[in-house]
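Working notes, structure below.
Quick note on labels: first sequence line is chain A, next is B, and so on, each numbered from 1.
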2 protein chains.
Amino acid sequence: MNNPSFRNWQSVQEEVLRRIHARVWTPGNLIPNEADLALEFGCARTTVNRALRSLAESGLLDRRRKAGTRVAAQPVAKATLDITVIRIEIEDRGQKYGYQRIERGETVPPLAISGAMKTHATRPLLHVRALHMADDTPYAFEDRWINPEVVPKGLAESYETVSANEWLLKHAPYTHGEIAFSATSATSEEAGILCCNKNSALLTIDRLTWDGSSTVTKVRLLFEPGHQLRTNL
Amino acid sequence: MNNPSFRNWQSVQEEVLRRIHARVWTPGNLIPNEADLALEFGCARTTVNRALRSLAESGLLDRRRKAGTRVAAQPVAKATLDITVIRIEIEDRGQKYGYQRIERGETVPPLAISGAMKTHATRPLLHVRALHMADDTPYAFEDRWINPEVVPKGLAESYETVSANEWLLKHAPYTHGEIAFSATSATSEEAGILCCNKNSALLTIDRLTWDGSSTVTKVRLLFEPGHQLRTNL
DNA sequence: CAGTTTTTTATGTATGTACATAATAACATT
DNA sequence: AATGTTATTATGTACATACATAAAAAACTG
């Protein structure tokens with residue numbers, strides 16, 4: 001064996017990837033331990049650790065104390081979608097952002113909403129509906145419920161020029177949330193708003209965000225027909 | 001100041017999160033440098049670095065050499081979806097997995113396919129269509145094209161009992177890929193296969209995987225109506 | 001031999017030190 | 001003032017070492 005000497009964690013990672021790819025190390029099987037690899041690569045164990053930990057985070061390796069490190073039997077590809085403010089999303093594509101508030105009110109929500117948000121069934125919530133546009137064509141319809149107990153300052157906003165999407169991200173901190181992707185058929189009202197045919201298939205994102213133990217907001221985003229969310233693996 | 005002493009990177013991270021959350025450090029603004037934080041927290045700079053790096057990876061902090069670390073003005077939430085073998089996906093839900101091959105053939109693909117896969121327009125590819133079932137009801141329809149030049153062994157498979165989805169993950173390595181989520185309307189054929197109404201809105205995943213500079217496979221997955229992909233933020 | 005305890009071992013992480021790197025700030029030059 | 005050069009500085013990383021921790025394997029015990 002010669003001495004290629006992998007002196008930084010990125011090159012160690014590349015070499016490990018190469019071996020997995022070249023089937024030197026095969027799915028489900030153990031790879032040498034960190035100490036041995038460090039010796040072989042001519043670097044410190046911490047450097048190997050850094051490389052392997054990072055690969056484990058991305059799902060390509062399974063690591064367990066004492067049990068060792070093995071190539072993931074069925075590599076769980078992790079598709080990471082960047083969820084950002086819609087305005088930025090559109091501007092990043094080089095399109096002109098447009099926004100239009102459709103409705104704003106303090107109303108008692110349907111049971112499905114108060115149930116999911118775990119608010120009292122008779123308690124009114126702030127309800128904001130708006131349309132986001134890219135280059136003057138409809139891009140996404142936002143239907144949002146905001147919990148005024150958690151975000152009292154949200155009641156003072158009109159959401160006429162700044163979307164709730166953006167205002168909340170800036171002013172309402174949250175600790176965690178859930179997100180769900182699905183496909184729904186456009187109702188006739190939604191079709192009207194998005195300027196598409198009734199029953200068009202719409203990519204839908206439902207998001208529920210929490211601040212500690214109370215819900216901040218629940219939002220449904222309906223994207224224009226044909227919209228794609230893309231990422232690399 | 002008292003001395004709470006944060007002795008591991010997780011607790012440092014928690015404290016940093018707490019301060020961001022409590023608006024001690026606000027979006028867009030600089031936070032103290034690693035050395036100062038290490039001093040304050042009573043730990044080594046490497047420990048602070050570990051905590052901050054991890055937060056930067058998840059999009060909550062922006063870090064630049066010399067410029068320092070600041071709370072992300074625009075917190076990009078990263079939704080990580082685990083894309084795994086469909087059989088595992090179903091079994092993890094505690095449901096019975098079923099599989100049925102619908103079609104297998106070596107045919108010249110439509111131009112849209114050969115174009116995306118960058119194969120010669122007249123070259124036949126392996127085409128496999130199959131249905132994945134959960135508890136005996138249709139779950140996902142898989143429509144796949146395989147490049148036999150890259151995966152010659154794939155030609156020997158019938159895909160009658162083992163899905164192409166699973167076979168490929170085990171036998172065909174890939175270096176990178178693209179994935180796109182969208183919503184499509186069920187054609188009458190798709191509706192027949194998935195036992196749903198025509199024009200139902202179907203969550204759709206298109207995936208294209210590469211091995212170096214050649215495409216391994218292109219697959220479209222159509223999920224049963226109402227299907228959701230969920231994750232936490 | 002089943003069940004429990006101890007040992008072993010591979011990963012996980014904390015620390016001090018040293019140097020690398022990128023980007024800004026300060027300075028000098030024309 | 002515009003431009004090029006040189007410090008300065010915060011993050012990024014490598015390393016040796018030490019200890020923590022989880023889990024498997026071995027030893028022990030009734």
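No hydrogens or angles were tested; on distance alone, a donor-acceptor pair under 3.5 Å links the side chain of B:R65 to the base of C:dT21. For a distance-only test at 3.5 Å, the side chain of B:R45 qualifies as a donor-acceptor partner of the base of D:dT13. Side-chain N/O atoms of B:R64 and base N/O atoms of D:dT11 include no donor-acceptor pair closer than 3.5 Å.
B:T217 and B:T209 share no side-chain donor-acceptor pair at under 3.5 Å. A donor and an acceptor atom, one from each side chain of A:T46 and A:N49, are nowhere located under 3.5 Å apart. Using modelled atom types, one finds no donor on one side chain facing an acceptor on the other under 3.5 Å when comparing B:S214 with B:D211.
If you check C:dT15, C:dA22, D:dT11 against the side chain of B:A44, the one that comes closest is C:dT15. In the set D:dT13, D:dT17, C:dT24, the nucleotide with an atom closest to the side chain of A:T46 is D:dT17. When distances are taken from the side chain of A:Q10 to each of D:dA14, C:dG12, C:dT15, the shortest belongs to D:dA14.
Atom CG in B:L37 sits roughly 12 Å away from atom C1' in D:dA10 (whole-Å rounding).
Heavy atoms of B:N49 sit under 4.0 angstrom from at least one base atom.
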Passes salt bridge (charged side-chain N to carboxylate O under 4.0 Å, His left out), A:D135 versus A:K96? Steps please. CA-CA 5 Å; A:D135 282 345; A:K96 195 189 86 186; over 6 Å; no

